[in-house]
Amino acid sequence: MNNLFFDKVTGDPMNRVDGKLKVTGEARYSAEYVLPDMVHGVIIPSAITKGYISNIDSKAAERAPGVLAVISHINSIKVPGHAGNSAEPAPGGQPLRVFYDNRIYSNGQPVVIVVADTLERARYAASLVKLQYNKEIHKTDFDENRALAKLPASAKKNPKSPLADYNRGIPDGYKTAPVIIEAEYVHPSEFHNPMELQSVIAHWEAEDKLLVYDKVQGTQPTQRAFAKEWNLPVENVKVVATFVGGAFGNGLHNWPHETAAIIAAKMVKRPVKLMLSREQMFYMVGYRPHTWQKINMGADRNGRIVGISHESVGQTSSYEEFTESTLQQTRMMYSSPNVSTRYRILPLDVSTPVWMRGPGEATGAFALESMMDEMAFALQIDPVKFRLLNYTERDPERNLPWSTKYLRECIENGAEKIGWKKRQMQPASLRQGEWYVGYGMGVGTFGAHRGPAAVRAKLQADGRLLIQSAVTDIGPGTATAMVQIASDAIGMDPGKITFQLGNSEFPMAPNQGGSAVVASVGSAVVAACTALKTKLLNLAGAADAAFSGSDQNEVIFEKGALSVKGQPGKKLTFSAILQQQNLKDLTVTEEAKPGNERNNYSMYSFSVHFAEVHVHAVTGQVKVNKVVTCADAGTIVNKKTAGNQMIGGVTGGIGMALQEKAIIDHRFGRYVTKDFADYHIPVHADVPEIEVYFVNKPDLVVNPMGTKGLGEIATIGVAPAIANAVFNATGKRIRNLPVTADMLI
Ligand code: MOS
């Protein structure tokens, strides 16, 4: 396999294969399908936070023009997978069972779906439904209830779980160090806010056959979830998600509104389209959980970390335990002999959180990388130097070698590019006019994951190659990367290759999540191309003795043709090989899965982000002036799409650092931030020049392309880089995100 592709033809990265479809509006998203007889659903959210529904008056709504049904727990058909006693949920809980009974577990919980022939009529009828509730006292205030935090059920069951308490060396060994800092950090809940709203079209093609167009990150995981819920054979459920307009994690879970649409479609016997409103996106489809952390760090005066104790409490719902790996980076990033971590969750009367870009690690990195900056300052050691003094050449958690780790190269290049030498140790030393100038850094890491995946590859006699996978593309350019990988693996012009995705009927693929798709699906593409090459070579050998008996290393697969090494005259195009045999196509389905490399290596992607911020001396306004973001993500398949991902991840990190915060009015248990006026995300004016640096060295332990994921590490470590830069600019250490002007004046 030729590594460090792909700019070798033109020197430029390839454009997105679906770019034209997207900019011309030809790309079709879930809500854009139109089915015969399709009708529209509108969800009514609960107005209370805890208690039960005492009455629903739907008479006026039912009489309204065009209305087909008003569905709630009162009249909903039973969902087979919802059976069971709600008083005794399974350990770890379960997703909310929509319309199961009259209980309310969180504000905004879907309680009614109104179905009508047009969206406007459904919306109007929904306004006529009158709900009465019996309220109970709710708990939504994290700080007031933090003492109720508990160990997750999965960790209780399995002490080896990464969520269980961890100890290396002396428990709380930081206390033995000459320099100690103890600090608390708070990360608020944040919402994903993808451009595309969550939307679903549910269509029962037969009594036991379900077709769903859905905005999800995995067609087959969704297919399995619905098959289980409706007690159907998996093959009776088809899920289509050809294009997904961003997700950032909220498409990794199936939500009550999807089941509501499926129930409605079954009851009205017509396809039902349901798209959430932007407001509903703020309480129905997950969020990054509010998390409190405490880090205690001890170091010696030469800058060696002696111990780190890191505890974390993240909120979850009362009915389902959401967990994430907030403490992972603390266990493996620095060479501290003593490390203790404690992870807890706090059930509140809120909806269930879900993974959001850099899930867990981004939250944990805010605390850890802020503390690294605090300790470096206490020791009066440069933060770059402090990190390099505690750099690990082996994984200290598992005592194994890294598959690859080029973080040092990232740190050195990033420091150079941001102009780190201008940074002063003493805060508030640099000023440009009315603005203080500061520099900060933050390191990020995320497991270089890979799972099993398969693709079908069909090489046609016309010289085109069609590859299919059930995977989705939430925006990183999956099809583009797969076309490049195939082009490189089989030796064909990428223009002749099509990659189809987003359909559960295609071969096995995981969710697009956890930065693992290129590694997982790309490996299957390589396997399928290799199988095709074997078949081509055998066919060529049968037709021409010059090829017979050769193995793949003695021939060259290039530009859609096969030639014998050292014999330029001996050349057969793939088309010619198929045509000679009267074959319309050659088709293979190949599965690829990781081996046991995980037993022998620790596999991670690494990043470091450097920020230059300007803070206004009078108003406290923070402007991020420049970010340099550096990634060790193995082979970079496409510098442009990978660069786009880094820029997007940093943009999310700027939001996390300076803007994003979900606020609940605890009197009502309801979010007050539920539109873009109150919940701020970065706009163009907030996003400065972002310079991207890739090490671009392959990691051949992880997979045959040498790639490691980069979706998550693009965000992990950005927020502390900015908060640390604010400290350097002003001397104010902000441990509660987001950093806002009022905290700085
Ligand atoms: Mo990502 S949080 O795995 O979509």
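Start at 1 and go down the list; that is how both ligands and their atoms are numbered.
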- Item | For E32, salt bridge (charged side-chain N to carboxylate O under 4.0 Å, His left out) partners two or more places apart | none

Considering only N or O atoms, set out every pair between ligand 1 and the protein closer than 3.5 Å, with distances to one decimal place.
| residue | atom | partner | partner atom | Å |
| --- | --- | --- | --- | --- |
| ligand 1 | 3 (O) | G514 | N | 2.6 |
| ligand 1 | 3 (O) | E712 | OE2 | 3.1 |
| ligand 1 | 4 (O) | Q217 | NE2 | 2.8 |
| ligand 1 | 4 (O) | G249 | N | 3.0 |

- Item | Donor-acceptor side-chain pairing of Q512 and T472 below 3.5 angstrom | no

- Message: For H192, give me all partners under ring pair (Phe, Tyr, Trp, His ring centres under 6.0 Å), at least two apart in sequence or on another chain.
- Response: none

- Message: Could you check whether R344 pairs with D165 (Lys NZ or Arg NE/NH1/NH2 to Asp/Glu carboxylate O, under 4.0 Å)?
- Response: yes

- Applied to residues 314-326, the salt bridge (charged side-chain N to carboxylate O under 4.0 Å, His left out) test, sequence neighbours excluded, yields K150-E321

- Task: Rounded to the nearest 0.5 Å, what's the gap from OG on S318 to OH on Y105? Could you check?
- Result: 7.0 Å

